[in-house]
There are 2 protein chains.
Amino acid sequence: MDVEYQTDHAASRIAAAIGEPARARMLYCLMDSHARTSTELAVVADVSPSTASVHLNRLTTERLVKVLVQGKHRYYSLEGPEVARVLEGLSVLAGGSGDKFVPNTPNRLRAARTCYDHIAGTLGVSLHDRLKTMGWLTANGDESYELTPAGSRAFEALGIDVEETHMLRRRFAFGCLDWSERRSHLGGALGAVLLKLALKKKWVVQDLDSRALRVTSFGRREMGSRFGMEV
Amino acid sequence: MDVEYQTDHAASRIAAAIGEPARARMLYCLMDSHARTSTELAVVADVSPSTASVHLNRLTTERLVKVLVQGKHRYYSLEGPEVARVLEGLSVLAGGSGDKFVPNTPNRLRAARTCYDHIAGTLGVSLHDRLKTMGWLTANGDESYELTPAGSRAFEALGIDVEETHMLRRRFAFGCLDWSERRSHLGGALGAVLLKLALKKKWVVQDLDSRALRVTSFGRREMGSRFGMEV
DNA sequence: TCCATACTTTGATCGTAAACGAAGTGTGTT
DNA sequence: AACACACTTCGTTTACGATCAAAGTATGGA
């Protein structure tokens, strides 16, 4: 009854669940936080619907994805941000130790992409850094972030309900490690609401069925002036 | 030649390497940063030497462990801190979503243990928090930490060569998420040197062949007065 | 009511990889 | 030299899990 063993075992089960190509394709596809049906994921994973069903069942019991039943559709999405973080971490390991060149990482994905439901890539990292140097965002213990009074005012001015964002049953804000940049971008509820805003204001547009984000020329100007940065 | 696919695939290979019980036992055993020989790991993983050899070969080619050949011994250890972070991340996921009770997590491991080469558990989290509230440690962008001038003086006074620690080819300090506490403890070169100090000064002693740390009564007094906390 | 759609379950097949013992390689010791 | 020890490579067995087609269940619409 060694408990260390239990931990190992449970973790290894999780890893094994991720470590099957078809399931991995599903999981990484869901990193854009878009919920997808079983059949859609079957196409993504390149397996038959029945096989996809088995895989999704396993991912659900391992608590890597959750399912929302709506009529005859089943919408699958990642269980939570922790799952996305582990997937990102694995990408970091897979990305080679830096010396191994991965030159053909598409600039589109490097530049701006979604990580789970927030903005990653160089854009995400720049935003993150600007928010901190402008004193809008501050780190407190345990790597969580808080908005400063100035930051709260600024976000409210952008049309974000900070109070409401705090209410969400989810970590408010934290630094999420970026696999391409190896730096942090803004994660958590605040990161999610910021991406939503950027999409609504058409600062960025989302490629269909891809994690890539495209910064519009309007967005370039707007974000440049609002956050004082070159995009 | 979809590149997104490459990432998925590589990450899934890594996960699969972790997702085999025997290999997971080896990896989690190496989390205490103690290098071990092939035969020792065979015992830990509960497989024959030949099987262990194959597993270790795979872990090496996947760059999860590295090997140091010394005479007729081969010393295996984790490839780096990033690997340890992924393993901790998987533990977080395996730890159940909080609502699922896991009452039999041993207090020994909760209280104080090593995470790779730094202090984790409640002790690690307390230390981390104290260092920050005392203003010795400060967070700058990308979730990295820096020592304040006061912090540098304090660490020097403890007999730590801060300059030298900075020189190490490794991230200086950062918040490492703790699976049992779900809060951060101090990771990186500074975390490693702090653990080394605590061991040298006999503030804590290390159980042989386990990640558990025991706080000595001397250590309780010393750390209490030096960092102003209850241990 | 009946059919179409969305998805799951069942059952059978197949391939991979995990396991071990035995034999092989290399390194220290006498 | 000869032997002991640490570890790997080889060859074989075995077991598990990934796969699909076909049949089954549930929901929505005609």
Side-chain angles (χ1 to χ4, degrees), chain A residues 5 8-30 34-78 209, chain B residues 5 8-30 34-78 209:
Chain A
Y5 165 77
D8 294 3
H9 193 64
S12 128
R13 283 178 58 87
I14 307 266
I18 305 172
E20 200 279 330
R23 285 194 294 261
R25 283 194 290 271
M26 291 175 172
L27 289 170
Y28 279 93
C29 171
L30 290 172
H34 215 255
R36 288 186 178 74
T37 65
S38 170
T39 7
E40 286 172 324
L41 289 169
V43 175
V44 170
D46 194 29
V47 289
S48 75
S50 58
T51 305
S53 180
V54 177
H55 284 316
L56 286 166
N57 189 20
R58 170 127 180 225
L59 291 177
T60 308
T61 58
E62 298 289 357
R63 295 176 174 265
L64 288 170
V65 304
K66 62 180 176 227
V67 57
L68 174 71
V69 181
Q70 217 164 71
K72 62 177 169 180
H73 292 281
R74 262 137 212 255
Y75 291 100
Y76 289 93
S77 52
L78 293 191
D209 233 57
Chain B
Y5 165 76
D8 295 4
H9 193 64
S12 128
R13 283 178 58 88
I14 306 268
I18 304 172
E20 200 280 330
R23 285 194 295 261
R25 283 194 290 271
M26 292 176 173
L27 289 170
Y28 279 92
C29 170
L30 291 173
H34 217 253
R36 288 184 178 76
T37 64
S38 169
T39 6
E40 285 172 325
L41 289 169
V43 175
V44 169
D46 195 29
V47 289
S48 74
S50 57
T51 305
S53 180
V54 177
H55 283 317
L56 287 167
N57 189 20
R58 170 129 181 224
L59 290 176
T60 309
T61 58
E62 297 290 357
R63 295 177 172 268
L64 288 171
V65 304
K66 62 180 176 223
V67 57
L68 174 71
V69 182
Q70 217 165 71
K72 61 179 171 179
H73 292 280
R74 261 137 211 256
Y75 291 100
Y76 290 91
S77 53
L78 292 192
D209 233 55

*Asks:* In Å, rounded to the nearest 0.5 Å, how long is the span from CD1 of B:I14 to CZ of B:R63?
*Replies:*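 B:I14 atom CD1 to B:R63 atom CZ measures 9.5 Å (nearest 0.5 Å).
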
*Asks:* I want to check something: taking the side chain as every heavy atom from C-beta on, are A:L30 and A:L41 in contact at a cut-off of under 4.5 Å?
*Replies:*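 Yes - at least one pair of side-chain heavy atoms lies under 4.5 Å apart.
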
*Asks:* Indicate, with a heavy-atom threshold strictly under 4.0 Å, whether B:Y75 touches base, sugar-phosphate, or nothing.
*Replies:*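 B:Y75: no heavy atom of the nucleic acid under 4.0 Å.
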
*Asks:* Tell me, do A:L59 and A:R23 make a side-chain contact under 4.5 Å, heavy atoms counted?
*Replies:*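 Of all side-chain heavy-atom pairs linking A:R23 with A:L59, at least one is under 4.5 Å.
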
*Asks:* Who passes side-chain contact (heavy atoms from CB on, under 4.5 Å) against B:P49, sequence neighbours left out?
*Replies:*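 side-chain contact (heavy atoms from CB on, under 4.5 Å) check on B:P49 returns nothing, list empty.
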
*Asks:* Side-chain contact test, heavy atoms from C-beta onward, threshold under 4.5 Å: evaluate it for B:S12 versus A:E20 and give yes or no.
*Replies:*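 Contact flag for B:S12/A:E20 side chains = no.
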
*Asks:* Within this structure, what is the CG-to-P distance between B:N57 and D:dT9, rounded to whole angstrom?
*Replies:*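 Checked: the CG to P distance equals 6 Å.
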
*Asks:* Measure the spacing between CG of B:L56 and CG of B:L64 and express it to the nearest 0.5 Å.
*Replies:*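 Between B:L56 CG and B:L64 CG, I get 11.0 Å after rounding to 0.5 Å.
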
*Asks:* Just the table, please: protein N/O against nucleotides 4-6 of chain C N/O, every pair under 3.5 Å.
*Replies:*
unit_1	atom_1	unit_2	atom_2	d
C:dA6	O3'	A:K72	O	3.1

*Asks:* Are the side chains of B:T60 and B:Y76 in touch, meaning some heavy atoms are under 4.5 Å apart?
*Replies:*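 Answer yes - side chains close enough.
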
*Asks:* Would you give a per-nucleotide map of nucleotides 13-25 of chain D, 5' to 3', where B means the base has a protein non-hydrogen atom under 4.0 Å away, S means only the sugar-phosphate does, and - means neither?
*Replies:* -----SSBBB---

*Asks:* Just checking, is any N or O donor in the side chain of A:T51 or A:S48 under 3.5 Å from an acceptor N or O on the other one?
*Replies:*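 Yes, side-chain donor-acceptor contact under 3.5 Å.
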
